[in-house]
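A short write-up of the structure that comes next.
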Amino acid sequence: MRFPVSPLTLSGTRIRVWSSGRVRQRGFGDRGGGEGDKMANSNYHNQSLRGAAYAALLVLLLPVLWPALFSPLGHASPSVFSEWEAPKPRHLSLLKGALLSQIASDQRSEVWTPLAPQGWKPCIPSSSITGHPVKSSGYIQVFLDGGLNQQRMGICDAVAVAKILNATLVIPYLEVNPVWRDSSSFEEIYDVDHFINALKDEISIVRELPTEYTWSTREYYATAIRATRIKTASVHASTKWYLENVFPVLQSYGIAAIAPFSHRLAFDNLPSELQKLRCKVNFQALVFVPHITTLGEMLVKRLRYPGRVHSVEHIQEVIDENVDEGSGKYATLHLRFDKDMAAHSACDFGGGKSERLALAKYRQVIWQGRVMNSQFTDEELRSQGRCPLTPEEIGLLLAALGFDSNTRLYLASHKVYGGEARISSLRKLFPLMEDKKSLASTEELAKVEGKASLLAAVDYYVSMHSDVFISASPGNMHNAMVGHRTYENLKTIRPNMGLLGQLFMNKSLEWSEFQHQVQAGHRGREGQIRLRRPQQSIYTYPAPDCMCQA
């Protein structure tokens, strides 16, 4: 069966598109006659070609304008037409139970109770840890890739490496992120003056190279092999490696550029002074620029006192107020659910065959078969806790733990894969959910809009000031926040991914049983001190290296 879409006239050619995808055309400007005018034939031929081109373009656009007519195309070409099928709730029974359940007042109060003192405290002095820097052996440059939090860890490592080599550190260069295409510099994110002053008794830091070394740029190292570039640093390299491989370059040339540099310093077998120096950078030296902290503080106040803070001009007035002890509380949810993460996990997120095809194709294009998870079934991955929680699943977890519909929830995330349809279940459970755009005006966001690192910095600030923090899946933001909030003894819920994977696969589970198992499986996972074990990151587990027993 076929039916026509209304005919269109394009450059003298009548186009009739049929549902089968065929295009019929009939010229109505023909120059008939017996003389066979070549010019007329040429014009007619050109018009016909233009008409055919327009018709082909129209056929490509029709699936976008009327997707219901072309659903088979979506399965055949997932890169273009794959994400029409809106994700639906996968746990309807649990969702209904959560919406109907009544949370006891004592349980509701317990989720907001701050962590009790755990016998540990920060023990990094503001003064020198390692001693005043002596005569510099040269300049160290590092080029950092990744997002805000991966770069943050790299900055801390760079300071430690400069100390190992007794070198002068050049303010780190932040690579353009290939996913978010963000070109934000160190100076746009962090207060450089504070950074230099906080570490002046530890190492020498300069904003830029002196004139004789200005040739040492990112572009210089991208065009050829250079003797001053170190690109063989192994992941988690030792202090000995840097002394044997980088120090001779400094002696010969007065400068060394290390790229790539992410995760290029070991966590183990380092002097305690170096470990404390890394933590001093992370927790004391890295402070966001004023306009980020001002915006972050404004969002915090609007979350705690809805309707009372209306503009940046009035923020100081509100900050200085003496507020009641029972003022509003809020939780931050880091919802790391972008397409990159979803594809790499190789899990099924309920978007149907079209979504699975799209993610599989994306995975192949980006990682070319190097994703090990793709060798396992969805059930195997979930039972092992290797599937990130969807917005629906993290909402059910929060509801089971005792957060109710009156919870003010701040959503810290980049673009959510699946859009609003993917978040709809979470929003039903927590109608007071907010994010940057719902709390601030376009004018207030102007300085950070479109810059992923600056937006992430605002989220970091709001997350650090929340009463409770929870992340939907492990990652750099999760690790950084767990470490920083552990250092400050703040409540931070770590989802039990293995348990939750198994619970969500049990489709016959009633809400009451789900709630019971969730609460039992998350005791001791609210920010309790976990001592760092060998090979674990000092930025996720700051005790005992950067903390002392009280």
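Here the structure is a predicted model, which is why all the values come from computation and not from measurement. Values below: every heavy atom of this structure, side chains too, minus hydrogens, waters and symmetry copies.
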Item checked: With S252 via side chain to side chain contact (heavy atoms under 4.5 Å, CB included) - residues at least two apart -> none

Note to self: Using the side chain to side chain contact (heavy atoms under 4.5 Å, CB included) criterion, which residues pair with N282? Sequence neighbours excluded.
What the structure shows: R152, C156, Y539

Rounded distance (nearest 0.5 Å) linking atom [atom1] of [X] with atom [atom2] of [Y]:
X: H522; Y: R494; atom1: NE2; atom2: CZ; answer: 9.0 Å
X: E444; Y: M298; atom1: CD; atom2: CE; answer: 3.5 Å
X: S466; Y: H334; atom1: OG; atom2: NE2; answer: 12.5 Å
X: Y221; Y: S216; atom1: OH; atom2: OG; answer: 2.5 Å
X: Y417; Y: K339; atom1: OH; atom2: NZ; answer: 5.5 Å
X: I258; Y: L165; atom1: CD1; atom2: CG; answer: 7.0 Å

Note to self: Just to verify, which of N496, L500, L499 counts as forming a side-chain contact (heavy atoms from CB on, under 4.5 Å) with V518?
What the structure shows: L500

Whether [Y] and [X] form a salt bridge (side-chain N of Lys/Arg under 4.0 Å from carboxylate O of Asp/Glu) is what I want to check.
X: R363; Y: D340; value: no
X: R533; Y: D268; value: no
X: R278; Y: D545; value: no

Consider only side-chain N and O atoms of [X] and [Y], and report whether a donor and an acceptor are under 3.5 Å apart.
X: S438; Y: E434; answer: yes
X: S383; Y: R386; answer: no
X: D145; Y: S262; answer: yes
X: S184; Y: S453; answer: no
X: E297; Y: Y461; answer: yes

What do you reckon, is [atom1] of [X] surrounded by more than 12 foreign heavy atoms closer than 6.0 Å?
X: E212; atom1: CD; answer: yes
X: Q375; atom1: CD; answer: yes
X: E110; atom1: CD; answer: no

So which atom in [X] and which in [Y] form the shortest heavy-atom distance, rounded to 0.1 Å?
X: E188; Y: S185; value: OE1-N, 2.8 Å
X: L411; Y: L426; value: CD1-CD2, 4.4 Å
X: I470; Y: P495; value: CG1-CG, 4.2 Å
X: A543; Y: I529; value: CB-CG2, 4.1 Å
X: W241; Y: A233; value: CH2-CA, 3.4 Å
X: G154; Y: F261; value: O-CE2, 3.4 Å

Margin query: According to side chain to side chain donor-acceptor pair (under 3.5 Å), does anything in residues 113-131 pair up with another residue at least two apart or in another chain? List the pairs.
Written below: Q118-N489, T130-K163, T130-E202

Can you tell if the side chain of [X] reaches within under 4.5 Å of the side chain of [Y], non-hydrogen atoms only?
X: L265; Y: Y242; result: yes
X: K451; Y: R181; result: no
X: V289; Y: I189; result: no
X: M433; Y: I423; result: yes

Next item on the list: Go through C123 and C546 one step at a time and tell me if the disulfide bond (SG atoms under 2.5 Å apart) criterion holds.
Entry: CA-CA 6 Å; C123 58; C546 305; over 6 Å; no

Next item on the list: Give the C-alpha distance, both sets of side-chain angles, the deciding distance and a yes or no for salt bridge (Lys or Arg N to Asp or Glu O under 4.0 Å) between D467 and R304.
Entry: CA-CA 10 Å; D467 298 279; R304 293 201 184 282; 2.7 Å; yes

Residues that [X] engages under ring pair (Phe, Tyr, Trp, His ring centres under 6.0 Å), provided they are two or more places apart:
X: F186; value: Y190, F195
X: F349; value: F337
X: F143; value: Y173

Check: Do the rings of F283 and H484 sit parallel, tilted or perpendicular, given the 30° and 60° boundaries?
Finding: tilted

